[in-house]
Amino acid sequence: LGDDTEYLQNLINQKRKIPAGTYDVKSEIGLRVPSNTILALTGVVLIAMPTDAAVYSVIHIEDAHNVTVVNGVIIGDRYSHMTDTGEWAMGIAVRRSNKVTVIGTKVYDCWGDGIYLAEGSTSVNIVSALCYGNRRQGLSLVGGSGVNILSSVFCNTGGTLPSCGI
């Protein structure tokens, strides 16, 4: 496996388009999405590199505002995770952020949750997302307000409690 994390992070920081393709992301570092960013992932597949980390997120939105993630596929390391402990490995994590939209994104096989919303996030919209085969939750709404989940599917979740769609 190659590590494309630094290359992708540079594109995100420069607000440049990520070309269609399949990329390996060092999950314990993840991709940090800054404020005022549209992360267009049409034709992009992000694969979490195998890790023994108990906590990670492939896409990390923290202390940010006006962020949109459009399309793309995220594949976690559920079947290649290097230990049997932990459950906080996420495809997309949103913390202390506002005006965040995730639209048309597919998140498969994360060691923890497909999408994780927490710590006072506000005005979050999850639209036409598919979270399938994640180990703990399809989507965890741990904290936030003004959260809308529309036309999304969270299914085939299981492996560690609570093992629910939402």
Side-chain angles (χ1 to χ4, degrees), residues 4-18 23 25-42 44-49 51 53-78 86-132 134-154 157 162 164-166:
D4 301 306
T5 309
E6 185 176 341
Y7 166 72
L8 295 170
Q9 189 63 62
N10 286 336
L11 291 175
I12 292 168
N13 292 346
Q14 296 169 17
K15 308 241 190 255
R16 293 179 56 202
K17 186 177 183 335
I18 296 175
Y23 301 95
V25 176
K26 192 168 188 174
S27 45
E28 56 268 40
I29 295 172
L31 301 173
R32 308 274 176 189
V33 183
S35 293
N36 303 312
T37 299
I38 297 174
L39 185 59
L41 298 175
T42 301
V44 173
V45 178
L46 303 175
I47 299 176
M49 296 175 70
T51 183
V55 178
Y56 73 72
S57 55
V58 177
I59 294 178
H60 196 75
I61 303 166
E62 184 172 347
D63 298 317
H65 60 276
N66 298 322
V67 172
T68 302
V69 178
V70 182
N71 297 327
V73 175
I74 299 168
I75 301 173
D77 72 337
R78 177 181 182 150
E87 60 188 58
W88 306 279
M90 317 306 179
I92 300 172
V94 180
R95 293 182 173 93
R96 296 180 308 278
S97 297
N98 68 336
K99 296 183 182 172
V100 174
T101 298
V102 175
I103 184 166
T105 305
K106 297 175 175 69
V107 185
Y108 300 111
D109 299 327
C110 289
W111 186 247
D113 302 347
I115 300 173
Y116 180 81
L117 305 176
E119 300 167 27
S121 293
T122 59
S123 299
V124 177
N125 296 296
I126 308 296
V127 182
S128 299
L130 170 62
C131 293
Y132 182 92
N134 297 291
R135 186 170 162 265
R136 191 178 84 126
Q137 294 279 92
L139 178 141
S140 284
L141 177 52
V142 178
S145 63
V147 175
N148 296 297
I149 302 166
L150 306 166
S151 302
S152 296
V153 176
F154 308 93
T157 305
C164 295
I166 299 177

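Please read all numbers here as calculations on a predicted model, not as lab measurements.
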Discussion item. Taking salt bridge (Lys or Arg N to Asp or Glu O under 4.0 Å) as the definition, give me every residue that meets it alongside R136, ordered by chain and number, with sequence neighbours left out.
Written reply: E87, D113
Worksheet entry | Q14, CD atom: more than 12 neighbouring heavy atoms under 6.0 Å | yes
Worksheet entry | Geometric cation-pi criterion, R78 with W111: 6.0 Å, 45° | no
Worksheet item: Is there side-chain contact between L46 and I75, with heavy atoms separated by less than 4.5 Å?
Response: no
Fill in: Under the side-chain hydrogen bond (donor to acceptor under 3.5 Å, both in side chains) test, residues paired with T42 that sit two or more places apart
N71
Worksheet item: R95: what forms a salt bridge (Lys or Arg N to Asp or Glu O under 4.0 Å) with it, not counting sequence neighbours?
Response: E119
Worksheet entry | pair V25-I47: side-chain heavy atoms closer than 4.5 Å | no
Worksheet item: In Å and rounded to the nearest 0.5 Å, what is the CG to CE distance from L139 to M90?
Response: 10.5 Å
Practice prompt. Indicate yes or no: at least one non-hydrogen side-chain atom of I115 is less than 4.5 angstrom from one of I126.
Written response: yes
Worksheet item: Closest heavy-atom contact between T157 and G165?
Response: OG1-CA, 4.1 Å
Response to the item:
CE of M49 to CD1 of I29, rounded to nearest 0.5 Å, is 9.5 Å
Worksheet entry | Side chain proximity check, Y23 to V45, heavy atoms < 4.5 angstrom | no
Discussion item. Please find the pair of heavy atoms, one from V67 and one from N36, that lie closest to each other, and give the distance.
Written reply: CG2-N, 4.5 Å
Discussion item. The criterion is side-chain hydrogen bond (donor to acceptor under 3.5 Å, both in side chains); which residues satisfy it with Y116, sequence neighbours excluded?
Written reply: none
Worksheet item: CD1/I92 to CG/L117 distance, rounded to the nearest 0.5 angstrom?
Response: 9.0 Å
Worksheet item: Any idea which heavy atoms bring C164 and Q137 closest together, and the distance?
Response: N-OE1, 2.9 Å
Worksheet item: C110 and G91: which non-hydrogen atoms are nearest, and at how many Å?
Response: SG-N, 3.3 Å
Worksheet entry | Test side-chain hydrogen bond (donor to acceptor under 3.5 Å, both in side chains) applied to N134 - qualifying residues, sequence neighbours left out | none
Worksheet item: With a 4.5 Å heavy-atom cut-off, do L41 and V70 have their side chains touching?
Response: no
Item to complete: Would you please say whether a donor-acceptor pair under 3.5 Å links the side chains of Q9 and N13?
Response: yes
Worksheet entry | Under 3.5 Å donor-acceptor, S152 side chain and L130 backbone | no
Worksheet entry | Side-chain heavy-atom pair K17, L11 within 4.5 angstrom cut-off | no
Worksheet item: Looking only at heavy atoms, which two atoms of Y56 and A89 are closest? And how far apart?
Response: CE2-CB, 3.0 Å
Worksheet item: Is there a donor-acceptor contact under 3.5 Å linking the side chains of D109 and Y132?
Response: no
Discussion item. Is the shortest side-chain heavy-atom distance between V69 and I61 below 4.5 Å?
Written reply: yes
Worksheet item: Do S123 side-chain atoms and G146 backbone N/O form a donor-acceptor pair below 3.5 Å?
Response: no
Fill in: Flag, side chain of S121 to backbone of A118, donor-acceptor distance under 3.5 Å
yes
Worksheet item: Quick one: CG on L141 to CD1 on I166, what's the gap to the nearest 0.5 Å?
Response: 8.5 Å
Discussion item. Just so I know, are the side chains of L39 and I18 near enough to count as touching, which here means a heavy-atom distance under 4.5 Å?
Written reply: yes
Response to the item:
So CD of E6 and CG of L31: to nearest 0.5 Å the spacing works out to 12.0 Å
Discussion item. Could you work out, with salt bridge (Lys or Arg N to Asp or Glu O under 4.0 Å) as the rule, every residue matching E28, not counting sequence neighbours?
Written reply: none
Item to complete: Give a yes or no answer on whether the side chain of S140 reaches the backbone of V142 with a donor-acceptor pair at less than 3.5 Å.
Response: no
Worksheet item: If you round to the nearest 0.5 Å, how far is NE2 of H65 from OG1 of T122?
Response: 11.0 Å
Discussion item. Test your reading of the model: is there a side-chain donor-acceptor pair from S27 to the backbone of A48, 3.5 Å cut-off?
Written reply: no
Worksheet item: Do you know which two heavy atoms are closest between P34 and A64, and how far apart they sit?
Response: C-CB, 4.2 Å
